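Lettering follows sequence order; numbering is per chain, from 1. These numbers were taken from a predicted model, which means no experiment stands behind them. Just the heavy atoms: all of them, side chains too, but no hydrogens, waters or symmetry mates, feed the values below.
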Amino acid sequence: MRGLASGFLIGVPVVFTVDSWWLGDQISPVDALTLLAFSYVLTLAAVYWAGFRHGLRRGWEYFGDALEAIALAILALVAVFWSLGQFGDGQPPSIALGRIAVAVAPVSLGVAIANHLLARDTSHIDLDLGDTSNVRAGWRNDGWRGTAFELAASAAGALFLCVTIVPVDDLSSIATEVPARNFPFVILLSLLVTYSVVFAAGFAGEANRHAATGPLQSPFAETITAYIIALLVSLAVLWFFGRVDAQTAVFAIYTKAVLLAFPASIAAAAGKLAV
Amino acid sequence: MTARGWQGKSAAEWVTLALSVLVVGALVGVALVEESRRQEGDGAGLDVTFDTEQTVARGDTFNVPYTVHNTGPNAISSAEIWIDVFDGNLLKESAEVTVQFLPLEGKQDGVFVTTFDPATHTLMGRLESLQYP
């Protein structure tokens, strides 16, 4: 679960670049296999140096770990592309193959470095008690102040990702390719991944989050609020860059906001973890 | 940190590894099957089919749904197709259609608008030119 969450964090921007879809549509199966092999080598290097699991591994176990990271990345991409209506539904297997091959490297690298992207626990870190973020971390248990602090962190995380996706306007192309019936699946996947990142992936502070009693700090409420914040930030960024305005049809606004809120909600969840 | 041998692998880790081999193996298998199908294909396979039963009449025109299917061994970056409308052997109308970014086995749906009723006329698509990526 930690690997999947990390893979989503790293790889989602690539998935939301329509050029990567078109590239995947055009490459031959042999090219796809070459990309897959290249991704495996990269992942193997990351697994060896960063460590996919706790403790030292031996010899061929690194190869097995890298294979697991690649498999997780493939499953994550299947879930994302399926929710976007790009697999099945009469689509030829070569399209699925090509799109997975193009996007698998960043996702598998994200899976491989899960332990380093976001710490499992912070006990090994020598905290600088005078550091501003550490001083503010004490607010987390301070009722509404802590809740506001976390909401701000979620918004910052969502904003961080939105401003990297919206300016290139691939969302318009992706929105035209996603069937209308698939948007509820996108929302569901967004909520599921957001919950996983904050409460199920074993990142730092998970036990504290489960035990938190402040307002909006139950797992369900935190997941929903992170998603709503991601939606609001998505709408704001879309409006700021002129991708939606008062003349835009309501359904077009809905499709773009829901699509953008998927990566934004993952980043919002990561923002929570960062504090 | 401790070094662990393969004897220390738990059942869950073995299952995870086996499932991973299955997932990656399935993807490699799909690639090999697709590659063999690709090599069996001809040089420039592009089929145009018309679904005349779904034709919608709008005033003096008829909207005929069509599908362009890439059956060749390569993805297509652009294709020019002529759609001809015949009354018996007599060519009544021709129109050019351009299709872009058609992947392997990819399909592109569209609507051909004509003033001739497809129930009494024959529609045929013919390939004019192809560009590969």
Side-chain angles (χ1 to χ4, degrees), chain A residues 3 18-19 21-37 39-40 43 51-61 63-78 86 89-101 104 108 111 124 173 177, chain B residues 1-10 12-41 45 47 67-79 99-109 130-133:
Chain A
V18 82
D19 285 327
W21 294 25
W22 289 343
L23 184 61
D25 291 354
Q26 293 176 24
I27 63 173
S28 71
V30 170
D31 292 336
L33 276 181
T34 307
L35 272 176
L36 193 65
S39 304
Y40 180 77
T43 307
F52 183 52
R53 294 183 186 280
H54 260 319
L56 284 176
R57 310 286 281 172
R58 275 187 194 166
W60 70 271
E61 286 186 314
F63 292 89
D65 286 352
L67 195 72
E68 288 177 18
I70 289 276
L72 276 174
I74 291 169
L75 291 176
L77 288 169
V78 167
Q86 299 305 305
D89 203 18
Q91 290 271 35
S94 60
I95 289 183
L97 178 70
R99 289 179 178 179
I100 287 176
V104 77
S108 66
V111 173
H124 62 289
S173 305
E177 296 213 25
Chain B
M1 288 195 281
T2 58
R4 299 182 332 141
W6 62 270
Q7 294 92 338
K9 222 172 176 60
S10 69
E13 285 178 322
W14 279 113
V15 171
T16 306
L17 183 60
L19 290 175
S20 301
V21 171
L22 277 178
V23 169
V24 177
L27 197 71
V28 172
V30 168
L32 294 176
V33 169
E34 288 297 307
E35 179 60 21
S36 78
R37 285 173 60 177
R38 194 174 80 93
Q39 289 181 353
E40 289 167 5
D47 289 342
T67 301
V68 181
H69 184 194
N70 178 12
T71 57
N74 296 301
I76 292 167
S77 61
S78 178
V99 176
Q100 293 189 321
F101 295 116
L102 209 51
L104 293 169
E105 298 178 54
K107 292 178 180 176
Q108 175 70 61
D109 295 325
L130 277 180
Q131 283 86 45
Y132 297 115

Q.
So for B:V33, is it side chain, backbone, both, or neither that comes closer than 4.5 Å to the heavy atoms of chain A?
A. neither

Q: Measure the spacing between CD1 of A:I74 and OG of B:S20 and express it to the nearest 0.5 Å.
A: 9.0 Å

Q.
My understanding is that only residues two or more places apart in sequence, or in another chain, count here; which of them pass side chain to side chain contact (heavy atoms under 4.5 Å, CB included) with A:D31?
A. A:I27, A:S28

Q. Quick one: CD on B:E34 to CG on A:L33, what's the gap to the nearest 0.5 Å?
A. 11.0 Å

(Q) Please identify, among A:A71, A:G98, A:A101, the residue contributing the most non-hydrogen atom pairs under 4.5 Å to chain B. (A) A:A71

Q | A:D25 CG to B:I76 CD1 distance, which is reported to the nearest 0.5 Å | A | 12.5 Å

Q.
To check you understand the geometry: which heavy-atom pair defines the closest contact between A:E68 and B:E13, and what is its length?
A. OE2-O, 3.9 Å

(Q) Going by side chain to side chain donor-acceptor pair (under 3.5 Å), name the residues that satisfy it together with A:S94, two or more places apart in sequence or in a different chain. (A) none

Q: Name the region of A:L67, side chain, backbone, both or neither, that has any atom closer than 4.5 Å to a heavy atom of chain B.
A: both

Q: Provide the closest heavy-atom pair for A:P29 versus B:A31 in the form atom of the first, atom of the second, distance.
A: CB-O, 3.3 Å

